[in-house]
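Notes follow once the structure below has been shown.
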Amino acid sequence: MARGFDRVGVVGLGTMGAGIAEVFARAGLGVIGVEVGAEALERGRGHIHKSTDKAVARGKLSEAEREEILGRVTFTTSLDDLADADLVVEAVPEVMDFKRALFTDLDRICKPETVLATNTSSLSVTAIAALTSRPGQVVGMHFVNPAPVMKLIEVVRTVVTDEGVADDVAALARRLGKTPVTVGDRAGFVVNRLLLGYLNHAATLLERGVASLDDIDTAMRLGAGLPMGPFTLLDLIGLDTSHEVCEVLFQESRDRVHAPAPILRELVTAGLLGRKTGRGFRSYQGDQAPSEPEPAGGPAVASVHVLGEGAERLSDELAAAGFPAADAQDADVVIALSGTPVVEHAVRLARPERLVGLHLVGDAVAEVVSTVVTAPEAARAVHDLVMALGRTPVACADRAGFVVEALLYPYINDAVRMYDSGYASIDDIDTAMRLGCGYPAGPFETLDAIGLRAVRDGLRALYAEYREPSFAPAPLLDRLVTAGVTSIRDR
Ligand SMILES: NC(=O)c1ccc[n+]([C@@H]2O[C@H](COP(=O)([O-])OP(=O)(O)OC[C@H]3O[C@@H](n4cnc5c(N)ncnc54)[C@H](O)[C@@H]3O)[C@@H](O)[C@H]2O)c1
């Protein structure tokens, strides 16, 4: 029979622990919240009061419900009060020495059947389990910040976790109104491993000068449909935390894509950690120079020549907007509609500086591609034409994948490799990314929507350009395309 887990303990009532205690209390469980000292305990109590007050103000909780929830939480500074708990979740800072001391104490204090869970984001759950005399009853229970709101819990089972323990913890997660995803003990689990790989890669593209910070953010928000761009998210997570997670991922994977981008190291060393310090990739202190006003008036072009797949349709759209077509040799600008680098089109022209690449991404974005010979006026004119057509322009260099595909395809490739290694199921990976990051779709849903062949071919081009080993298409993806399979779920 599944364990009941009616009395739970939460150790550390900081950002995560206070939220976790609230989640348990909201589900009707008795909670013992433990902090290091009286002051920290009051701070923890304050977090829970503030959060439930907010819920009342928003009409999500009644006064009576809030009182009931608060009545279920007891606050203490003594770990001894956890002796009878059925489950203890630890949420103390991410320092192995702290976890070591705590798990040694919990193992001594708690009854033998108590399940001990860690909320660690990047430490080895197996190493923590091995500190106790009950490694079979130690799991990871990785909540997402803010715990009361976010639906995902990654339940981490190690090679020594007893049969049934992870299932019981997953059942508890469902009782809390959450969606559990049960995974093994690998650095970053599902969400941080896929997310930080992608965020780190965005920082690398910035360092390589493929596009500006704002253009990369815009491309991923409007072009890939993500809730926010990678630099906004890095600043929100904190660059120190992001750097640390990348470092841990790299230590395990030895994959260069996880090696923290040098710009992260530099910002962290300079104390620019993101929103929490008022400045990271961006400044949040209200002292930023006002952004440059868009130049008044329409695009400074009289005529346009469009080449590439879909040229006729774009020419018609431009003509309807007042920019008539002309021959390639006479036009003010030549637009090469292309999903691949365009410099080869430029060199065929008598005046290659007039050629600008254009890659339409979804319905909202167009990547405006400048080659090494593109004149800045030509790129600006195409930027304005794109705006006149109602799309958002994203300026970028003439590199394989431009911005959106260069960031999206390796992320999908990582997810395919993760699944193929047996680490997690397709549905669990999709669920984890949707619920853990607020993505509109999981990586496999995105893969199916784009098409397996397009992603495989895009990855081949990225690999050929950057020679990054992990950009080479995952063998499974290659095999599926060769076999003519159109959805990874059909394998
Ligand atoms: N912040 C996040 O977004 C996030 C998300 C998921 C997981 N995590 C993980 O959750 C854990 C906690 O992170 P956080 O951001 O809540 O940290 P935090 O610094 O906000 O809170 C930690 C709390 O633990 C208390 N504490 C320290 N030692 C203690 C001890 N021996 N006994 C009792 N309390 C003690 C501190 O006083 C503090 O209030 C870490 O392992 C972290 O990796 C964090």
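This one's a predicted model, so the numbers in the text were calculated from it and none came from an experiment. Just follow the structure's listing: the first ligand is 1, and inside any ligand the first atom is 1.
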| Do any nitrogen or oxygen atoms of E90 lie less than 3.5 angstrom from nitrogen or oxygen atoms of ligand 1? | no
| query | What are the two closest non-hydrogen atoms of A202 and I216, and how far apart are they? | reply | O-CD1, 4.1 Å
| query | How far is atom 3 (O) of ligand 1 from its nearest protein heavy atom, and which residue and atom name does that atom have? | reply | N145 CB, 3.3 Å
| message | Heavy-atom contact check, 4.0 Å cutoff: does F143 meet ligand 1? | response | yes
| Which ligand 1 atoms, with their elements, are less than 4.0 angstrom from a heavy-atom of T120? | 41 (O)
| What protein heavy atom is closest to atom 13 (O) of ligand 1, reported as residue, atom name and distance in Å? | M16 CG, 4.1 Å
| remark: What one should report as the nearest heavy-atom pair of A219 and V403 is CB-CG1, 3.8 Å
| Taking all non-hydrogen atoms of both residues, which atom of V191 and which atom of C437 are closest, and how far apart? | CG1-SG, 3.7 Å
| message | Tell me whether V11 reaches ligand 1 (any heavy atom closer than 4.0 angstrom to a ligand atom). | response | yes
| query | How far is atom 30 (C) of ligand 1 from its nearest protein heavy atom, and which residue and atom name does that atom have? | reply | V36 CG1, 3.4 Å
| request: Answer side chain, backbone, both or neither: which part of K99 comes under 4.0 Å from ligand 1, heavy atoms only. | output: side chain
| message | Using side-chain heavy atoms (C-beta onward) and a distance below 4.5 Å, is H243 in contact with L264? | response | yes
| Protein heavy-atom partner closest to atom 21 (O) of ligand 1 - residue, atom, separation in Å | G14 CA, 3.3 Å
| Which protein heavy atom lies closest to atom 42 (C) of ligand 1, and at what distance to 0.1 Å? | E94 OE1, 3.8 Å
| query | Please walk me through it: do T179 and I153 pass side chain to side chain contact (heavy atoms under 4.5 Å, CB included)? | reply | CA-CA 6 Å; T179 303; I153 298 178; over 6 Å; no
| message | How far is atom 8 (N) of ligand 1 from the closest protein heavy atom, and which atom is that? | response | S121 OG, 3.3 Å
| query | Counting heavy atoms only, which of A91, P146, G12 is nearest atom 22 (C) of ligand 1? | reply | A91
| request: Give the residue, atom name and distance (to 0.1 Å) of the protein heavy atom nearest atom 19 (O) of ligand 1. | output: P93 CG, 4.2 Å
| Result of checking H142, E94, E154 against S121 for side-chain hydrogen bond (donor to acceptor under 3.5 Å, both in side chains) | H142
| task | Report yes if some heavy atom in the side chain of F75 is under 4.5 Å from a heavy atom in the side chain of I48; otherwise report no. | result | yes
| query | Should one rank E154, E35, E244, R43 by closest heavy-atom distance to atom 39 (O) of ligand 1, which comes out on top? | reply | E35
| task | Would you sort out whether R108 and S133 count as a side chain to side chain contact (heavy atoms under 4.5 Å, CB included), showing the intermediate values? | result | CA-CA 9 Å; R108 181 175 38 81; S133 63; over 6 Å; no
| request: Test ring pair (Phe, Tyr, Trp, His ring centres under 6.0 Å) on H201 and Y466 and set out the steps. | output: CA-CA 12 Å; H201 183 198; Y466 292 110; 7.2 Å; no
| message | Taking 4.0 angstrom as the limit and counting only heavy atoms of H142, give me the atoms of ligand 1 inside it, by number and element. | response | 6 (C), 7 (C)
| query | Under 6.0 Å between ring centres, would you say that holds for F231 and F281? | reply | yes
| query | At what distance is the nearest protein heavy atom to atom 35 (C) of ligand 1, and which residue and atom is it? | reply | V92 CG1, 3.5 Å
| query | For atom 17 (O) of ligand 1, is the nearest protein heavy atom under 4.0 Å away? | reply | no
| query | Between Y439 and R434, is there a cation-pi geometry (under 6.0 Å to ring centre, at most 45° from the normal)? | reply | no
